[in-house]
Amino acid sequence: MIRMATSPPPMPPVNPGLPGRDEGEGSVVAEKKEQRVEPPKLYQVVMLNDDYTPMEFVVLVLQEYFLHDFETATQIMLKIHHEGRAVCGVYSKDIAATKVELVQAAAKRAGHPLQCTLEAA
Ligand code: TYC
């Protein structure tokens, strides 16, 4: 059927057999079910120390991929250097996994053995 653009579409028929409250005038309101949505699980990106990756490269990575300023990036790098590991950031699973991949690709391109992993927060 061809309809003029100005004419409104016909109202859909109300199904009297649907569950829900009848508010009169043919309208039906479905009962609300309480819905609980779990908050997304968070994951830490943890960077590991090694003996070969230059400190300057780690600081650059922490600024570039984890958006830390130079001073914070330097502190995190030194924590990794002295304690063996440190958290670079906390994210949803997809974002944390992407950060790990990006860091490892950048380290590989630059020829450094820098490693980072993802851990449930
Ligand atoms: N230990 C490295 C060095 O002395 C520096 C370094 C820091 C390497 C942090 C990796 O995640 C790292 N050059």
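Below, each value reflects all heavy atoms present in this structure, side chains not excepted, and no hydrogens, waters or symmetry copies. Treat the numbers as computed from the prediction; the structure is a model and nothing was measured. Residue indices begin at 1 and follow the sequence shown. Counting starts at 1 for both ligands and their atoms, following the listed order.
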Identify the protein atoms, limited to N or O, that lie within less than 3.5 Å of an N or O atom of ligand 1, and list each pair with its distance to 0.1 Å.
residue  : atom   : partner : partner atom : Å
ligand 1 : 1 (N)  : Asn49   : OD1          : 2.8
ligand 1 : 1 (N)  : Asp50   : O            : 2.7
ligand 1 : 1 (N)  : His81   : ND1          : 2.9
ligand 1 : 4 (O)  : His81   : ND1          : 3.4
ligand 1 : 11 (O) : Leu48   : O            : 2.7
ligand 1 : 13 (N) : Thr53   : O            : 2.9

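Taking the side-chain hydrogen bond (donor to acceptor under 3.5 Å, both in side chains) definition, one finds that Gln115 meets it with Gln104, sequence neighbours left out. When the ring-ring contact (aromatic ring centres under 6.0 Å, His included) test is applied to His112, the partners found at least two apart in sequence or on another chain are Phe57.
Hydrophobic cluster membership for Leu60: none, as no Ile, Leu, Val, Met, Phe, Trp or Tyr side chain comes under 4.5 Å of it.
At a threshold of 4.0 Å, the pair Glu38-Arg36 does not count as salt-bridged, since none of the basic side-chain nitrogens sits closer than that to a carboxylate oxygen.
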What do the steps show when you test Val100 against Thr117 for side chain to side chain contact (heavy atoms under 4.5 Å, CB included), and what is the final call? CA-CA 6 Å; Val100 168; Thr117 61; 5.9 Å; no
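At least one side-chain heavy atom of Val103 sits less than 4.5 Å from a side-chain heavy atom of Phe66.
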